[in-house]
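As structure tokens, the structure follows; a few thoughts come after it.
Chain A is the first sequence line, chain B the second, and so forth, proteins listed ahead of strands; every chain is numbered from 1.
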Amino acid sequence: MRNAEIADLFDLLASLSELDGAVVYKVIAYRKAAERFRSAPESIERMAAEGRLTELADIGGTIAAKVDELLASGTMAALEKLRAVYPDGLVAMMQVPGVGPKTAKRLYSELGVDSTEALKAACEAGHVRELKGLGEKKEAGILEALQAGGGPRKHVILLDHALERAESLVAMLRAEPGCVAAEIAGSLRRRKETIGDVDLVAASDDPAPLLQRFAEHPGVQDVTALGDAKASVVLHDGMQVDLRVIEPAQWGSLLQHFTGSKAHNVALRERARSQGLSLSEHGFAPIAGGDAVPCATEEEVYGQLGLQWIPPELRENQGELEAAANDALPVLVTLAELQGDVHAHSDASDGHATPREMAEAAIARGLSYLTITDHSKAVGMGIGLDADKTVANMKLVQKAAKPLRSKGFYLLTGIEVDIMPGGLLDLPDEVLAELDWVVASAHGRRGQDRDALTASMIAAAEHPSVDVIAHPTGRLLDGREPYDLDVEALIEACARTGTFLEVNANPKRLDLRPEHVRAAIAAGVKICISSDAHHPDGIDVLRYGVDCARRGWATADDIVNTRSWPDLQALRKPTRHFGPGPKMSP
DNA sequence: GCCGTTTTCGGCCCGACTGTTTTCAGTCG
């Protein structure tokens, strides 16, 4: 059973337990467990088989036993018992904004409502307002949420789109007279690959006008909440944005609090409690009672707890507190440290610019090398290169490269060769051996057998001419699921063969995902951050790849393209090592 | 249900907003 499936079942168990009125901490424990399983870098099934589940934080004997039961029988008695009492539709109802466990349960027990469809009908018939404690506004709000299709499925926003919107809103806030500071917070500041909503924070001695201006912004379609300290709006593109405003003396406390993650903050507060302090967005207060002492900077918040300042990308309660306590946080890689890009396309395949134009774009962004890695023929629709065209393109790139060498720039020959089912590559070995750089990747393998796919990827890693395996899981964040791939096994093969793994910086991919970046680094695998650009401006996405790598705890040393092209040679597998200097074309 | 330089039992993170209440519950983040 996959980690995500196990996690989903524990989330379901949590929701049903919540409906059933279980002790809240039990519900929290199930949710925490689900989160641990979802983000685990290795197979939960394997960990269970080896009896190592309780090594994970937040997993105790009881939950470990439930996982064992689940893997042995396909389900859990506790889950089936609850399912017999509460229809699955109640869980979907709880996803509707404004409906929590208490309301869902009453809707079911008092009105017989057992699905979002039935809930909609009950709202339309005016039955919901008849329940004590609910009223017309509540009923209208639920109906509106259901009609907006806003029900269970949460709107997913990609990193690039969210950053663009948020950066412009922050600029607007900063331009307001009463605004002392404004910043992006939440999962966007942590640079998660997908964003549910955007959190902004601001400091001002007079919050009301700032909140009012925010609510009146032309991009706002709907104001869903407007109080003395915060406002929530929905933009015309459906993006929800929350703004919280606080006095400047509390800025550090506020920014820290609203950057999250929730799990990170809970862990911080537990740490605060062990010092007799209560931590909130207002600062530190004695548990015994008394006023909160605010922090003006985030460094003060962490410093009070005996911790190094923790970069937002690491704030997921995945060991960063322990590292910060021991002064052992990694120095994360930065965009400025990238010296080259090793995955880009030209108009020889499905790109939209010549190799020369792509090189000029790389130079304009301060890079000193670029590999042109067009598709091989297997990608279909005639866009890929066969052996003859690959050789011809190589000559073309070499010709374009010559005048650039005097500027200190390496324009390099390469290919993105397809890994075929069975593990063979889509071009002859002697052609691959001629190229400066070989990216291997699989396309269109969704639905293929996990073992067969994994075996073919491992075979590619073992190929003497393959430098890097690109976007290995094939995931697309706008909806398409990743391939069913044993990433751990691929990481092991890359470590064994000296093959690099790619973080594809395209905001729709960001593949490897951060958990796997971290696991790969731990296994000794080096990483490439690559744009996969198909036009000159496409190189700009490198920033998102850096964000993703940072979430995977990557330092500059872990990333091969923080080296110059000559220095990078020392890291390549022996069969790709061209000697002391760069391989120079004849 | 988890966990232990306060505890193997008794704690467990904190506050804002809305709607429905005339003092608060439910929901959300």
Check this for me, if you would: do [X] and [Y] make a salt bridge, where the nitrogen-to-carboxylate-oxygen distance has to be below 4.0 angstrom?
X	Y	answer
Arg315(A)	Glu298(A)	yes
Glu183(A)	Arg174(A)	yes
Asp88(A)	Arg83(A)	yes

Within the pair [X] and [N], is there a side-chain N or O less than 4.0 Å away from OP1 or OP2?
X	N	value
Thr103(A)	dT27(B)	yes
Ser278(A)	dC14(B)	yes
Arg244(A)	dC17(B)	no
His282(A)	dA16(B)	yes

When the [atom1] atoms of [M] and [N] are compared, how many Å lie between them, rounded to an integer?
N	M	atom1	answer
dA25(B)	dT20(B)	C1'	9 Å
dC3(B)	dT8(B)	C1'	9 Å
dC17(B)	dC12(B)	P	25 Å
dG1(B)	dT5(B)	C1'	24 Å
dT21(B)	dG26(B)	C1'	12 Å
dC9(B)	dC14(B)	P	25 Å
dT6(B)	dG11(B)	C1'	11 Å

What nucleotide, of [options], holds the atom closest to the side chain of [X]?
X	options	answer
Ile63(A)	dA16(B), dC2(B), dG29(B)	dC2(B)
Asp242(A)	dC14(B), dG1(B), dG29(B)	dG29(B)
Lys102(A)	dG15(B), dT27(B), dG29(B)	dT27(B)
Ala225(A)	dG15(B), dC17(B), dG1(B)	dC17(B)
Ala229(A)	dG15(B), dC17(B), dC12(B)	dC17(B)
Arg273(A)	dG1(B), dA16(B), dC12(B)	dC12(B)

Name the residue closer to the 5' end of DNA chain B, choosing between Phe258(A) and Val23(A) according to the nucleotide with the nearest heavy atom.
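Looking at the nearest nucleotide for each, Val23(A) comes out on the 5' side.
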| message | Both Pro101(A) and Ala231(A) contact DNA chain B. Taking the nearest nucleotide for each, which residue is further toward the 5' end? | response |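 This one resolves to Ala231(A).
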Strictly by Watson-Crick or wobble contacts shorter than 3.5 Å, is anything paired with dT27(B), and which nucleotide is it?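 Per the H-bond distance test, dA16(B).
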(request) Would you mind telling me which of Glu193(A), Glu320(A), Glu313(A) makes a salt bridge (charged side-chain N to carboxylate O under 4.0 Å, His left out) with Arg551(A)? (result)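 By the salt bridge (charged side-chain N to carboxylate O under 4.0 Å, His left out) criterion, Arg551(A) pairs with just one of Glu193(A), Glu320(A), Glu313(A): Glu193(A).
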Answer with base, sugar-phosphate or nothing: what part of the nucleic acid does [X] contact at a heavy-atom distance below 4.0 Å?
X	value
Asn265(A)	nothing
Lys105(A)	nothing
Lys32(A)	nothing

Selection: [range], any non-hydrogen atom under 4.0 Å of DNA chain B:
range	value
residues 4-21 of chain A	none
residues 300-327 of chain A	none
residues 128-141 of chain A	Gly133(A), Leu134(A), Gly135(A), Glu136(A), Lys137(A), Lys138(A)

Separation of [X] atom [atom1] from [N] atom [atom2], in whole Å?
X	N	atom1	atom2	result
Met76(A)	dG1(B)	CE	P	11 Å
His264(A)	dG29(B)	NE2	C1'	16 Å
Tyr30(A)	dC2(B)	OH	P	8 Å
Ile246(A)	dC14(B)	CD1	P	16 Å
Leu226(A)	dT18(B)	CG	C1'	12 Å
Ile287(A)	dT7(B)	CD1	P	14 Å
Glu69(A)	dG1(B)	CD	P	12 Å
Leu268(A)	dC14(B)	CG	P	12 Å

Tell me whether the ring of Tyr25(A) lies stacked over the dC2(B) base, given a 5.5 Å limit on centroids and a 30° limit on the plane angle.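 Here the ring of Tyr25(A) and the base of dC2(B) are not stacked, as the 5.5 Å and 30° limits are not both satisfied.
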Test item: Asp228(A) and Pro207(A) side chains (from C-beta on) under 4.5 Å apart, heavy atoms |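 A side-chain contact under 4.5 Å is absent here.
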(request) Side-chain contact test, heavy atoms from C-beta onward, threshold under 4.5 Å: evaluate it for Glu488(A) versus Arg46(A) and give yes or no. (result)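 Yes, close enough: below the 4.5 Å cut-off.
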Original post:
Yes or no on side chain to side chain contact (heavy atoms under 4.5 Å, CB included) for Val198(A) and Arg165(A), after CA distance, side-chain angles and deciding distance?
Top reply: CA-CA 9 Å; Val198(A) 171; Arg165(A) 284 281 185 286; 5.9 Å; no
Exercise. Compute whether any side-chain donor of one residue and acceptor of the other, for Tyr544(A) and Asp160(A), lie under 3.5 angstrom apart.
Key: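 The answer is no; no qualifying pair exists.
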| message | Less than 3.5 Å apart, any donor N or O on the side chain of Ser17(A) or Asp20(A) sitting next to an acceptor on the other? | response |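 Not at all, the side chains of Ser17(A) and Asp20(A) share no donor-acceptor pair under 3.5 Å.
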Handout entry: side chain to side chain donor-acceptor pair (under 3.5 Å), paired with Glu18(A), selected from Lys102(A), Lys26(A), Arg31(A)
Key =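 When Lys102(A), Lys26(A), Arg31(A) are each tested with Glu18(A), the side chain to side chain donor-acceptor pair (under 3.5 Å) holds only for Arg31(A).
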query: Using 30° and 60° as the class limits, which term best fits the ring planes of Phe37(A) and Phe10(A): parallel, tilted or perpendicular?
result: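 Plane angle over 60°, so perpendicular.
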Practice problem: Check the pair Phe214(A) / Val220(A) against side chain to side chain contact (heavy atoms under 4.5 Å, CB included), numbers first and verdict last. | Solution: CA-CA 8 Å; Phe214(A) 174 68; Val220(A) 169; 5.7 Å; no
| message | Nearest 0.5 angstrom please: Leu70(A) CG to Leu13(A) CG, how far? | response |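 Leu70(A) atom CG to Leu13(A) atom CG measures 10.0 Å (nearest 0.5 Å).
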So for atom CG, which belongs to Asn326(A), do other residues, nucleotides or ligands contribute more than 12 heavy atoms lying within a distance under 6.0 Å?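 Correct, the count exceeds 12.
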* To do: Quick one: do His516(A) and Asp511(A) satisfy side chain to side chain contact (heavy atoms under 4.5 Å, CB included)? Show the steps, please.
  => CA-CA 9 Å; His516(A) 290 144; Asp511(A) 176 19; over 6 Å; no
